[in-house]
Amino acid sequence: MYNESIFFIDVILPIPLEKQFTYAITKAESEFLKIGMRVAVPFGKRKIYTALVLNIHQNAPITYEAKEIHQILDEQPIVNEFQIKLWQWMANYYMCTLGDILRAALPSAFLLESETNVVLNKEETINDLDLKDDEFLIYEALQHQSSLKIEDVTNILDKKKVLPVIKALIEKQAIHVEEELFEKYKPKLIRYVKLNAIYNNEASFNELMNTLNRAPKQRQILLSLFMLKSATKKPIKVSDVLKKSEASSAQIKALIDKEILEEYYLKTDRVSFDNDEIINSKDLNSDQENTLNKISKAFKNQNVTLLYGVTSSGKTEIYVKLIEDVLKQGKQVLYLVPEIALTSQLVNRLSVYFGNQISVYHSRYSLNERVEVWYHVLNNSDKAKVVLGARSSVLLPFNNLGLIIVDEEHEQSYKQFDPAPRYHARDTAVVLANLFKAKTLLGSATPSIESYFNAVKKEKKYGFAELKTRYNDVLMPEIELVDIKDKHKRKRMQGHFSDRLIEEMTEALNDDNQIILFQNRRGFSPIIECNTCGHSPQCPNCDVSLTYHQYKNQLRCHYCGYAMAMPKNCVACGSSELDNKGFGTEQIEEEVKALFPKAKVARMDLDTTRGKHSYERIINAFEQHEVDVLVGTQMVTKGLDFRNVKLVGVMNADSLLNFPDFRAHERSFQLMQQVAGRAGRTDVRGKVLIQTYNPYHKILQQVSTNDYLSMFYEQLDERYNYKYPPIYRLIKVTLRHRDYNKVNTGADWLAKSLRQIFRQQVLGPEFPPVSRIRNQYHKNILIKIPQNQSLSKTKEAILKIKNSFLSIKDFRPIKVILNVDNY
Ligand code: ADP
Ligand code: ZN
Ligand code: ZN
């Protein structure tokens, strides 16, 4: 009696469509299909997409005839009802489409449809002269970026028909097209040593020991190795030998150079633990115990609790106790960290307690690994009881979640900028946990104004627990502000180093302590300026000055990757007097080497951590004290736990403070406190020197006195006065197009329409500091939403205005981006 075309499914397609599409299915298919399964469906003229079933019903679409699906791809749902609920919340709250979220959530191996990427052909060396101008631009861009999409190529060349250029480059064997290119995960490498096999019998070993009579430390190393070896069958880590023998890494190196020892590296990123290696978690001290009790108590009445614990107070050890508890109930734990880089140190630390129940998940994992973790989480399998991951792991298919930990909750990297979904993983985590009636713990030594506000103000929306003492009662580092204006005047500066910093560095190095130097810019010096005419070379695609990179003697754009050789003369007037303005990590590294020729220096920034394993290698080398001075950008500030850092130097605090953003002061405080927190984590008190032109700046005073509360109340006052979060909510509207005039007229129209409804709560339109990126102009409009104004009605109104805007023919090509809770 039923005819075949009365069964339908609504699906989410992995493209930004405002509405779901409906397809026809057979009765048999309707009985087999479940929500959360994938189907292949035709779309448009020729395309086939992988789509996700959202609804199964019998209501034919009214305005179009439903096409039939191609095939069913799953036997079981790969996404469960919790995820679908979460995605619907996200789409609604962050004003994006379910398609955007689907694409962000599913490992692309699940989506069976690929975008074209071009990559460099590493097998061939190409003579630049053989390339035409357009070809050269693309070839050059690929020296700095691992791949380019067709769209990027279009933007770089600023023309539509780029396929002939790509084709020519392929024919010249300069590049090739890869259907799917996925960056392989960079596993952590651990350094091990073993005895050269020729000494493996007793006689030769004894003989060897005799020859080392005059080198007691080296003998000690060999004895320690021997003892470790007889205690376990496993490979011996260099760090363990160092610890046991109390020797230095130079002494081990001497033995390696003499070919008595052999070093080798093993991957341990996907740690596999034997059960006998698992140990009990650490006993908490009384402060930690009290804090844990407070958290548990808060959780009785509240779903979210903020743990405000100073750096090195042992927050991680408290998390471990909470995790143990949840695992006992058979439930899952999500442990969020702001940065992929943090997972490798942490997974080793946690595996000791939880063995193979931990899975790591982030975008740098290979496809297979991500699919594997996905299924473990979906099936609540033992291998993924604890998921340690960055932002995107809130999108995993949990089915029995008990607890989410958001570590370093203040970090801005939890908010995705681009592309959509522009979600905040911390806030999304809270919603996810609520779906399971699970708890969320936010942890930080420098809580975000938002979270602290939610914990102590705003009717105490969140629970609150504090941990004020460092573990082992190590004192908080002593923070000294160094007035470099004054130092310059008195000629007490050498390059960018004040006499105070040099003194402290000398002392730290003499005591064999390690040093971190923080400089917020990479490259050698941000700007090259002509002394004669004042011209500084600009990026042709973006409105920014190019940054000088000494290592390659190049000028590079940090926004689009454009690079050119450093010119000898000013391109504007021909003068040869080109001067450096400002300074970056590369220059600091150079200066340290000149000031302290004996010290081993390493640099950690985007430029040095691009290659395979490079990040891990730097961290490892620093952990194992093969490096004395680590120079780095923001990367060095994040929750890394180093044992031997005595001194931290902030080269120039002013560039942070002067950033044009309402959060700049909050961020500067957090950044400097965090980087200070890397000092003196073991027993000796650390020292922090902050160089600045404005030692009386209130934020620097608050940093140097560890005065979070003053910072909080002062910033909160400003947020009240100037109507910013957490008092007001923000939605940022960005217009983007290649044509400057179009962006301007469009932005004026949009702002005027928004003002008709939101009146003086609309700011702008205004160009951001960098108004052109990759040949696209950007202009922003900011909408401020008071607490008592309905958020859903506000969004409705914005969407309506956006739709009328896009129905105007002239404006249709403009890209309109909505960013809710803009950071
Ligand atoms: P935080 O996360 O607050 O910065 P950590 O959890 O990293 O602090 O703790 C700092 C150091 O102190 C770590 O090396 C940790 O192992 C150690 N530690 C903290 N609490 C304890 C404890 N109760 N017993 C032994 N060691 C501890
Ligand atoms: Zn000039
Ligand atoms: Zn650029």
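Keep in mind that this is a model prediction, so the values were computed, not measured. The figures here come from the full heavy-atom set of this structure, side chains too, leaving out hydrogens, waters and symmetry mates. Order of listing sets the numbers, starting from 1, for every ligand and every atom in it.
- Contact analysis leaves Gly309 out of contact with ligand 1, as no non-hydrogen atom separation drops below 4.0 angstrom.
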Working for ring-ring contact (aromatic ring centres under 6.0 Å, His included), residues Tyr708 and Tyr452: CA-CA 10 Å; Tyr708 177 83; Tyr452 199 79; 5.0 Å; yes
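- The minimum heavy-atom distance linking Gln288 with Ile318 is given by the pair O-CD1, 3.9 Å.
- For ligand 1 and Val310, the ligand atoms under 4.0 Å from any heavy atom of the residue are 3 (O).
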Full working for side-chain hydrogen bond (donor to acceptor under 3.5 Å, both in side chains) between Glu529 and Ser536: CA-CA 5 Å; Glu529 203 177 88; Ser536 49; 5.2 Å; no
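- Of the candidates Ser281, Ser312, Gly677, it is Ser312 that places a heavy atom closest to atom 10 (C) of ligand 1.
- Rounding to 10 degrees, one finds that the Zn ion (ligand 3) sits at the corner of an angle of 110° between Cys539 SG and Cys557 SG.
- Between Thr316 and ligand 1, at least one pair of N/O atoms sits closer than 3.5 Å.
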Stepwise side-chain hydrogen bond (donor to acceptor under 3.5 Å, both in side chains) check, Thr311 with Gln673: CA-CA 8 Å; Thr311 49; Gln673 284 267 300; over 6 Å; no
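- Per-residue contacts place Asp283 under 4.0 angstrom from the following atoms of ligand 1 (heavy atoms of the residue considered): 22 (C), 23 (N), 24 (N).
- With 3.5 Å as the limit, one finds a donor-acceptor pair spanning the side chains of Arg556 and Gln554.
- Under a 4.0 angstrom heavy-atom cut-off, Asp407 registers as lying outside contact with ligand 1.
- Taking a cut-off of under 4.0 Å to the non-hydrogen atoms of Lys315, the atoms of ligand 1 that pass are 1 (P), 2 (O), 3 (O), 4 (O), 6 (O), 8 (O).
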Test side-chain hydrogen bond (donor to acceptor under 3.5 Å, both in side chains) applied to His410 and Ser444, step by step: CA-CA 7 Å; His410 62 278; Ser444 176; 2.8 Å; yes
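- When the heavy atoms of Glu408, Arg349, Gln674 are ranked by distance to atom 5 (P) of ligand 1, first place goes to Arg349.
- Taking only non-hydrogen atoms, the option from Arg678, Gln288, Arg470 nearest to atom 20 (N) of ligand 1 is Gln288.
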Working for ring-ring contact (aromatic ring centres under 6.0 Å, His included), residues Tyr740 and Phe767: CA-CA 11 Å; Tyr740 176 81; Phe767 283 112; 5.5 Å; yes
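- No donor-acceptor contact under 3.5 angstrom links the side chains of Tyr777 and Lys742, judged on distance only.
- With ligand atoms numbered from 1 in the order given, ligand 1 contributes 23 (N) to contacts under 4.0 Å with heavy atoms of Leu284.
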